[in-house]
Amino acid sequence: MCGIVAYIGKEQAFPIILKGLKRLEYRGYDSAGIAVLNNESGLNNYKRQGKVSELEDFSAEQDTSGTIGIGHTRWATHGLPNNVNAHPHISTDGEMALIHNGIIENYDSLKEELVSRGYVFKSETDTEVLIHLIDDIKTNEKVKTAEAVRIALNSVIGAYAIVVLSKDNPNQLIAARKSSPLVVGIGKNGDFFLASDATPIIEYTNEVVYMEDEEIAIVDRNEGLRIFSIQNQEKTPYIQHLELQLEAIEKGGYEHFMLKEIHEQPRSIMDCFRGRLNVEDGWVGLGGIKDYETKLAKAKRIIMVACGTSWHAALVGEYLFEDLTRIPVEVEYASEFRYRNPIINENDIVIAISQSGETADTMAALNLAKSKGATILGICNVVGSSISRITDAGSYTHAGPEIGVASTKAFTAQVTVLTLMALTIARKKGSINETDFRRIITEMELIPDKVAKILEKSKKIEEIAAIYKDATNALYLGRGNSFPVALEGALKLKEISYIHAEGYPAAEMKHGPIALIDEEMPVFVIATKGTSYEKVVSNIQEVKARKGKVIAIITEGDAQVKEMADHYIEIPDTHEYLTPLLTTIPFQLISYYVAVMRGANVDQPRNLAKSVTVE
Ligand code: M6R
């Protein structure tokens with residue numbers, strides 16, 4: 001993970017980088033640092049354990065002037081979060097500074113060699129080998145910094161996005177990437193920005209270049225941007241115009257990004273199906289997979305790979321795909337799939353689901369599937385992300401930037417795309433009749449308004465949250481396509497409020513978890529009208545018989561569960577396939593309010609980071 005920001009231009013670099021780090025803080029927040037180069041005072045490096053605000057306070061009285069600099073916000077992999085392990089790392093002679101996102105897998109052997117040559121390591125990080133290695137090559141081979149970086153990267157195994165700043169060339173920043181994202185922003189006044197994603201850049205420019213793996217970018221005040229492969233072949237930068245708006249990455253009056261993103265869902269779901277669904281004409285289509293519709297319809301098997309919340313969306317997808325298309329679907333944790341010698345061949349279709357499009361395990365699973373000849377498709381939110389670029393085809397979720405670490409609107413957008421995809425394939429295959437198809441798409445169009453209606457119940461949901469905020473455990477139950485929603489509800493509560501929670505298929509409760517139930521245990525049950533309604537009612541009775549507290553999500557007007565439950569949250573009726581888009585909303589709000597009441601850092605929960613770009 002980790003966030004990288006760098007600037008070279010006419011403005012003061014420090015405030016630009018500091019602001020950029022705040023925007024990237026969702027990527028890691030255990031320490032931060034900025035190095036700036038100043039013609040008089042030299043290379044000044046400020047690092048602080050903790051949030052970017054700690055660095056801001058610490059550097060307030062210092063000389064931070066300079067028009068070239070690099071900054072980093074860290075999510076620790078090697079070495080504790082402390083001032084020493086924070087980036088930038090500086091060469092022994094104090095002449096060069098480097099920031100890094102990723103993991104250098106062969107750092108041990110590189111370190112051993114460098115130590116034998118007299119280098120003294122100050123930190124416990126894998127990153128420090130890079131700065132000493134570059135320094136060593138520069139000294140021994142008498143080459144310039146850019147060439148030393150290139151040579152060094154040829155002996156590095158692992159993932160990296162790096163930026164190097166060197167005193168001997170105050171007009172130049174050198175950056176490189178492999179498996180960790182890096183974007184170059186081309187400013188309007190000859191200035192350049194480098195960042196892990198576009199969010200720190202769009203305030204200044206919409207012109208960007210997404211770097212490819214094993215590319216080195218040199219940004220120079222006089223010569224502009226040049227890109228080379230690490231084999232030293234010059235490449236033509238592919239400049240893209242970003243549509244991203246600044247408001248999309250700001251809180252817009254909400255106390256937290258998570259709350260803003262929960263409330264954005266009526267719009268983000270609509271944005272997701274806009275232009276892909278036409279109720280009047282009875283049509284659905286996803287432009288991105290148009291050329292693969294026949295292949296999908298003929299598939300003997302589809303495998304979905306994902307992590308975390310995206311994996312839960314994939315589970316919802318499994319229900320939809322199997323029911324609507326009758327194609328067998330396997331949903332895999334990307335991290336397990338990649339290491340268990342899976343049986344895949346060229347007839348398989350592997351769909352990766354990822355908000356960030358950068359998750360290392362999901363990327364690796366896709367690469368494995370690709371190497372075995374499978375067709376690989378992606379469902380990503382971040383435009384231009386690594387997964388969206390390595391896949392054969394795919395569909396964006398168009399949810400807009402998701403900054404809160406806990407995924408909310410990305411989940412509902414993923415489920416929306418999966419629904420559209422399943423419907424598209426079912427139509428192509430003829431496995432759905434016209435009446436059912438029309439009923440589903442008509443209901444789909446109403447979902448944004450129904451989500452808005454649930455959001456209006458926030459006050460009631462907040463009151464329920466207040467009752468259970470001190471719980472130490474919670475159970476989430478659901479059946480059918482509500483089971484993944486139960487898993488997602490439990491994950492939301494765990495990750496932001498640190499309450500232990502488990503999601504279970506409601507019927508499985510009696511095979512173990514029922515032993516946990518007593519009068520202290522909140523049990524959140526999805527009990528909406530549908531195929532399993534009566535069964536879920538029985539499960540509620542089982543909980544009540546053991547004095548558990550039931551908080552039920554019910555269909556509007558359902559008198560039966562209303563009577564039985566300790567608390568209920570009514571949601572509008574919809575087609576059974578679409579219920580996950582509604583039932584997940586109260587769970588997101590419950591988790592949010594509980595976390596706020598417990599004083600937890602909602603947008604940046606402990607130990608987590610937004611995109612997990614390391615194994
Ligand atoms: O960016 P991705 O969708 O690939 O991320 C996958 C998970 O890391 C992510 O969903 C994580 O579980 C979230 N913190 C959940 O809220």
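For ligands, and for the atoms within them, numbers begin at 1 and follow the listed sequence.
Under a 4.0 Å criterion applied to the non-hydrogen atoms of Ala406, ligand 1 contributes the atoms 16 (O). In the vicinity of Lys492, heavy-atom distances shorter than 4.0 Å reach the ligand 1 atoms 15 (C), 16 (O).
Side chains of Tyr577 and Asp323: a donor on one and an acceptor on the other come within 3.5 Å. Donor-acceptor pairing under 3.5 Å is recorded for the side chains of Asn381 and Thr397. Checking Gln414 against Ser310 by side-chain atom types alone, a donor-acceptor pair falls below 3.5 Å.
Between Ser310 and ligand 1, an N or O atom pair is found at a separation short of 3.5 Å. Distances between N or O atoms of Val405 and those of ligand 1 include at least one value under 3.5 Å. Annotation: Gln355 places an N or O atom under 3.5 Å from an N or O atom of ligand 1; distance criterion only.
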What side-chain donor-acceptor pairs closer than 3.5 Å can you find for residues 403-412, not counting sequence neighbours?
from	atom 1	to	atom 2	distance (Å)
Ser407	OG	Glu402	OE1	2.9
Ser407	OG	Glu402	OE2	3.4
Lys409	NZ	Glu264	OE1	2.7
Lys409	NZ	Ala399	O	2.8
Lys409	NZ	Pro401	O	3.0
Thr412	OG1	Gln265	OE1	2.8
Thr412	OG1	Lys409	O	3.2

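What sits closest to atom 1 (O) of ligand 1 on the protein, heavy atoms only, is Ser356 OG, 2.6 Å. In this structure, the protein non-hydrogen atom closest to atom 10 (O) of ligand 1 is Thr309 N, 3.0 Å. Scanning all protein heavy atoms for the shortest distance to atom 4 (O) of ligand 1 gives Thr359 OG1, 2.4 Å. The single protein non-hydrogen atom nearest to atom 16 (O) of ligand 1 is Glu495 OE2, 2.4 Å, given as residue, atom name and distance. Closest protein heavy atom to atom 8 (O) of ligand 1: Val612 CG2, 4.0 Å.
Salt-bridge formation is detected for the pair Glu462/Lys459: a Lys NZ or Arg NE/NH1/NH2 atom is positioned less than 4.0 Å from an Asp or Glu carboxylate oxygen.
Nearest-residue assignment for atom 6 (C) of ligand 1 (options Gly308, Ala360, Ser354, Cys307; heavy-atom criterion): Cys307.
Ring orientation note: the planes of Tyr468 and Phe524 are nearly perpendicular, at an angle over 60° on the 30°/60° scale.
Taking CE of Met304 as the start and CD of Glu330 as the end, the distance is 11.0 Å to the nearest 0.5 Å.
The residue Glu358 has no part lying near ligand 1, judged by heavy-atom distances below 4.0 Å.
Contacts classified as ring pair (Phe, Tyr, Trp, His ring centres under 6.0 Å) and involving residues 589-608 (residues at least two apart or in different chains) are given here: His256-Tyr592.
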